[in-house]
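What follows is a single structure, written as structure tokens, with notes after it.
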Amino acid sequence: MKTLICTSILTFAALPAAAWAQVGDTGTVAIDGRVAPLCILGDPAPAQVDLGLIAATAGTRSGRIAALSPRAVTLPASFCNFAGSVVRIDASALLAIDSSSPQPGFARAVNFTAAATGWASGSALAATAALGNGTAPTGSGTSTIQPLPQIADIAVTLSDFTVPGDHLLVAGTYQGLVVVTLGAAAVE
């Protein structure tokens with residue numbers, strides 16, 4: 001009888017360990033998240049380009065476009081977090097605020113070329129081709145495709161300032177605009 005009691009006690013003592021193994025369980029929790037495709041241009045430096053006096057005031061070119069040196073603007077630390085992005089540049093010629101038709105031999109438009117470099121292997125070029133009266137003032141261009149996510153300083157250079165027909169410039173304030181867009185390449 002003593003043997004039977006000892007065996008029963010051992011069996012009873014082993015029961016809680018076996019019961020514990022059957023009660024426990026393991027679960028997993030999946031975690032996910034998303035990052036939206038994003039392009040950000042750095043703040044342009046300088047934010048405004050002041051060409052100053054754009055007509056020559058002395059010599060044989062008096063009243064005509066002066067020799068203007070190229071101007072540079074930097075958009076630092078610009079980035080796209082995805083592959084397949086481009087830089088697009090849209091330029092509008094400098095036009096006299098006075099929109100009246102100029103007299104023969106005069107013009108109210110200054111054309112220029114804008115180039116955005118530093119993003120992809122091929123730059124974006126936009127040349128304006130406004131007529132002397134200010135019509136058809138815009139031009140645009142797109143860079144080659146950047147095949148990888150990228151962070152870079154984009155440099156925009158304004159150069160080749162000309163007046164249609166090399167005419168005399170109408171007096172007044174002139175304004176133009178360059179718009180730089182960084183984003184996904186167009187799917188065709």
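By convention here, the first residue in the shown sequence is residue 1.
In the hydrophobic clustering of ILVMFWY residues, with side-chain heavy atoms under 4.5 Å counting as a link, Leu131 and Val163 come out apart. Residue Val49 is grouped with residue Phe112 when hydrophobic side chains (ILVMFWY) are merged at heavy-atom distances under 4.5 angstrom, including chains of intermediate members. Residues Val178 and Leu41 are members of one and the same hydrophobic cluster, defined by side-chain heavy-atom contacts under 4.5 angstrom among Ile, Leu, Val, Met, Phe, Trp and Tyr.
Within the model, atoms CD1 of Ile89 and OG of Ser140 stand 10.0 Å from one another, a figure rounded to the nearest 0.5 Å. How far CG of Leu75 is from CD1 of Ile40: 12.5 Å, rounded to the nearest 0.5 Å. In this structure, CD in Gln103 is found 12.5 Å from NE2 in His167, a value given to the nearest 0.5 Å. Going from atom CD1 of Ile151 over to atom SG of Cys80 covers 10.5 Å, rounded to the nearest 0.5 Å. A distance of 10.5 Å separates OG1 of Thr142 from CG of Leu125, quoted to the nearest 0.5 Å. To the nearest 0.5 Å, atom OG1 of residue Thr162 and atom CG of residue Leu68 are 10.5 Å apart.
No side-chain heavy atom of Val110 sits under 4.5 Å from any side-chain heavy atom of Leu51. Taking the side chain as every heavy atom from C-beta outward, Leu182 and Phe79 never approach each other to under 4.5 Å. By the 4.5 Å heavy-atom criterion applied to side chains, Asp166 and Arg61 are counted as neighbours. Residues Arg108 and Ser100 have side chains not in contact (no heavy-atom distance under 4.5 Å, counting atoms from C-beta outward). Between Phe161 and Ile54 the shortest side-chain heavy-atom distance does not fall below 4.5 Å.
Among all heavy-atom pairs drawn from Gly42 and Ser78, the shortest one is N-OG, 3.0 Å. Counting all heavy atoms, side chain and backbone alike, Trp119 lies closest to Ser85 at NE1-OG, 3.1 Å. The two residues Ala109 and Leu95 have their closest heavy-atom pair at CB-CD2, 3.6 Å. Minimum interatomic distance between Thr144 and Val86 (heavy atoms only, all atoms of both residues): O-CG1, 3.7 Å. When all heavy atoms are compared, the tightest approach of Ala130 to Pro164 is O-CG, 3.1 Å. Of all heavy-atom pairs between Ser143 and Ala120, the closest is OG-CB, 4.2 Å.
A donor-acceptor pair is defined here as one N or O able to donate and one able to accept, closer than 3.5 Å; no such pair exists between the side chain of Thr138 and the backbone of Ser92. In terms of modelled atom types and a separation under 3.5 Å, the side chain of Asp153 and the main chain of Ala77 share a donor-acceptor contact. Judged by distance alone, with hydrogens and angles left aside, the side-chain atoms of Asn133 form no donor-acceptor pair with the main-chain N or O of Ser101 at under 3.5 Å. With hydrogens and angles ignored, the 3.5 Å screen pairs a side-chain donor or acceptor of Asn81 with a backbone N or O of Ala36.
For the residue pair Ser62 / Arg64, no side-chain donor-acceptor distance below 3.5 Å is found, with atom types taken as modelled.
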